[in-house]
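Data block below; observations after.
Below, each value reflects all heavy atoms present in this structure, side chains not excepted, and no hydrogens, waters or symmetry copies.
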Amino acid sequence: MTTRTLPSTGEKRGTKLKYLTITGLMAAMITIMTAYICHIPTGINGGYIHFGDSIIYLAAALLPTPYALAAAAIGGGLADLLTSPIWAPATIIIKMLIAIPFTSKSAKIVTPRNIAAAVIAYFISGLGYFIAEYLLFGAMPAFIASMSGSLIQSGGSAVFFIIFGLALDRTHAKSKFLNAA
């Protein structure tokens, strides 16, 4: 019979501190990638194309779910507060929802589940912003126009996530980064 030792309080605190630090870094990167880097305005509703969602996907593949949800909400919310504040409440909810389908439990970032999660995130984001636009403006915008804008946004972020994730997987960055002392 083998005995299993539980992590000490110091080890637990160190792990939580590491996750909080990575969460803060991810939230900052999400904000910058959403609000400033490759920020391309589209349409008349204040929307824009960005690659911040790819960092949300990356955070969700690296961090346990509660930390990934926090990074997504904080990063997306701050970006909207800086660029288009009317969307911030909806964005906070939607960005948390798109992080949920991903898993951080694999040794790799790009897994079949995380690729499928990027597709699921497209539908969550498209539908979420469609509902938000309907609630904010009281008019039924063209559903196809709304979903096509989301396809460009989410599709580009999914491709960027997969390319960046595969590069990080080749260097075993996830295990090195999360297991570093």
task: Please step through side chain to side chain contact (heavy atoms under 4.5 Å, CB included) for the pair S154 and Y57, ending with a clear verdict.
output: CA-CA 10 Å; S154 297; Y57 304 164; 4.1 Å; yes
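- Scored by the side chain to side chain contact (heavy atoms under 4.5 Å, CB included) test, I131 finds L127, L135 as partners (sequence neighbours excluded).
- Residue pairs meeting the side-chain hydrogen bond (donor to acceptor under 3.5 Å, both in side chains) criterion with at least one member in residues 97-110: none, sequence neighbours excluded.
- When the side chains of ILVMFWY residues are joined at heavy-atom separations under 4.5 Å, either directly or via intervening members, L25 and L82 end up in two distinct hydrophobic clusters.
- Nearest heavy atom pair, residue I120 against residue P101, reads CG2-CG, 3.7 Å.
- Tracing side-chain contacts under 4.5 Å through hydrophobic residues (I, L, V, M, F, W, Y), one reaches I55 starting from I115; they form part of the same cluster.
- Transitive grouping of hydrophobic side chains (ILVMFWY, heavy atoms separated by less than 4.5 Å) brings I56 and L69 into a common cluster.
- Clustering ILVMFWY residues whenever any of their side-chain heavy atoms sit less than 4.5 angstrom apart, transitively, puts F51 in the very cluster that holds L62.
- Expressed to the nearest 0.5 Å, how far CG of L78 lies from CG of L81 amounts to 6.0 Å.
- Interatomic distance, CG of L63 versus OG1 of T23, reported as 4.5 Å (0.5 Å rounding).
- Within the 3.5 Å criterion, the main-chain N or O of W87 finds no donor-acceptor partner in the side chain of S84.
- For the atom pair CG of L20 and CZ of R13, the computed distance is 13.0 Å after rounding to the nearest 0.5 Å.
- Going from atom CG of L58 over to atom NZ of K174 covers 9.5 Å, rounded to the nearest 0.5 Å.
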Listing, residues 156-173 side-chain donor-acceptor contacts under 3.5 Å, not counting sequence neighbours, or none:
from: S157; atom 1: OG; to: Q153; atom 2: O; distance (Å): 3.2
from: S157; atom 1: OG; to: Q153; atom 2: NE2; distance (Å): 3.3
from: D169; atom 1: OD1; to: I109; atom 2: N; distance (Å): 2.7
from: D169; atom 1: OD2; to: I109; atom 2: N; distance (Å): 3.2
from: D169; atom 1: OD2; to: V110; atom 2: N; distance (Å): 2.9
from: T171; atom 1: OG1; to: L168; atom 2: O; distance (Å): 2.9

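- Residues F102 and A118 come closest through the heavy atom pair CZ-N, 3.7 Å.
- Applying the ring pair (Phe, Tyr, Trp, His ring centres under 6.0 Å) definition to pairs two or more places apart or across chains, those involving residues 17-36 are Y19-Y67.
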Could you list the donor-acceptor pairs under 3.5 angstrom formed between side-chain atoms of residues 26-33 and any protein atom two or more places apart in sequence or on another chain?
from: T31; atom 1: OG1; to: A27; atom 2: O; distance (Å): 2.9
from: T31; atom 1: OG1; to: G75; atom 2: O; distance (Å): 3.1

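- Residue pairs meeting the side-chain hydrogen bond (donor to acceptor under 3.5 Å, both in side chains) criterion with at least one partner in residues 90-100, sequence neighbours excluded, are D53-K95, D80-T91, T91-Y129.
- For the pair G77 and A88, the tightest heavy-atom approach, listed with the atom from each and the gap, is O-CB, 4.2 Å.
- By the criterion of side-chain heavy atoms lying less than 4.5 angstrom apart, applied directly or through intervening Ile, Leu, Val, Met, Phe, Trp or Tyr residues, L136 is grouped together with I124 in one hydrophobic cluster.
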